[in-house]
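Owing to the predicted nature of the structure, the values given are computational and were not obtained by experimental measurement.
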Amino acid sequence: QAQFVESGGGLVQPGGSLRLSCAASRSIFSIYVIGWFRQAPGKQRELVATVTNGGATNYADSVKGRFTISRDNAKNTMFLQMNSLNTEDTAVYYCAGRNFGVTNYDFWGQGTQVIVSS
């Protein structure tokens, strides 16, 4: 199984920006969908954004217009650019992947913490 390693989390002030990276130990070219999830304290894990191998993207309404997901298959890396951060974005962020025709995400990173605080 491919292993993802997230990085780029940290402490930012409201209105600030942060870019999360996710490096894969193996090629991600064959992974159909890459997704970013987040889990805030006391809340369920939620899907933030996805990008397919063909570049199609989807975003949760709460982050649409603020976050941008991308993937670089050649470098086996995916990104989540987060702008206009607010305190509701505070969470542990995970990158994940699933293959075509599969419901569950089979590949996960360990998570990186994002804290938005004034």
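Between G35 and M78, the shortest heavy-atom contact is O-CE, 3.7 Å.
A side chain to side chain contact (heavy atoms under 4.5 Å, CB included) with V51 is found for one member of I34, T68, N58 and no other, namely I34.
Separating the CD1 atom in I31 from the CZ atom in F100 is a distance of 15.0 Å, to the nearest 0.5 Å. To the nearest 0.5 Å, atoms OG (S21) and CG (L80) are separated by 9.5 Å.
The backbone N or O of D106 sits nowhere less than 3.5 Å from a side-chain atom of N104 that would complete a donor-acceptor pair. Distance alone, capped at 3.5 Å, is enough to place a donor-acceptor pair between the Y59 side chain and the I69 backbone. In terms of modelled atom types and a separation under 3.5 Å, the side chain of T90 and the main chain of E88 share no donor-acceptor contact. Although no hydrogens or angles enter the test, the distance criterion places a donor-acceptor pair under 3.5 Å between the side chain of D72 and the main chain of K75. Side chain of S17 to backbone of N83: no donor-acceptor contact under 3.5 angstrom is found. Of the possible donor and acceptor atoms, none in the side chain of W36 sits under 3.5 Å from a partner among the backbone N and O of A96.
In this structure the side chain of L18 reaches within 4.5 angstrom of the side chain of M82, judged on heavy atoms. P14 is not listed as a side-chain neighbour of L85, based on a closest heavy-atom distance of 4.5 Å or more. Residues L20 and V114 meet the side-chain proximity criterion, which asks for heavy atoms closer than 4.5 Å. Using a 4.5 Å cut-off on side-chain heavy atoms (C-beta onward), I28 and R71 make contact.
Between F4 and F107, the angle of the ring planes lies from 30° to 60°, which puts this pair in the tilted group.
Residues satisfying the salt bridge (charged side-chain N to carboxylate O under 4.0 Å, His left out) test with R66, not counting sequence neighbours, are D89. With sequence neighbours excluded, the residues forming a ring pair (Phe, Tyr, Trp, His ring centres under 6.0 Å) with F37 are Y105, W108, listed by chain and number. Listed by chain and number, the residues in a ring pair (Phe, Tyr, Trp, His ring centres under 6.0 Å) with F29 amount to none (sequence neighbours excluded).
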List the atom pairs, donor and acceptor, that lie under 3.5 Å between side-chain atoms in residues 40-50 and the rest of the protein, sequence neighbours left out.
{"residue": "E46", "atom": "OE2", "partner": "R38", "partner atom": "NE", "Å": "2.7"}
{"residue": "E46", "atom": "OE2", "partner": "R38", "partner atom": "NH2", "Å": "3.3"}

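More than 12 non-hydrogen atoms from other residues, nucleotides or ligands lie less than 6.0 angstrom from CD of Q110.
Linking ILVMFWY residues whenever their side-chain heavy atoms come closer than 4.5 Å, directly or via other members, leaves V5 and F79 in distinct clusters.
A disulfide (SG to SG under 2.5 Å) check over residues 4-108, counting only residues at least two apart or in different chains, returns the pairs C22-C95. Residue pairs meeting the disulfide (SG to SG under 2.5 Å) criterion with at least one partner in residues 44-83, sequence neighbours excluded, are absent.
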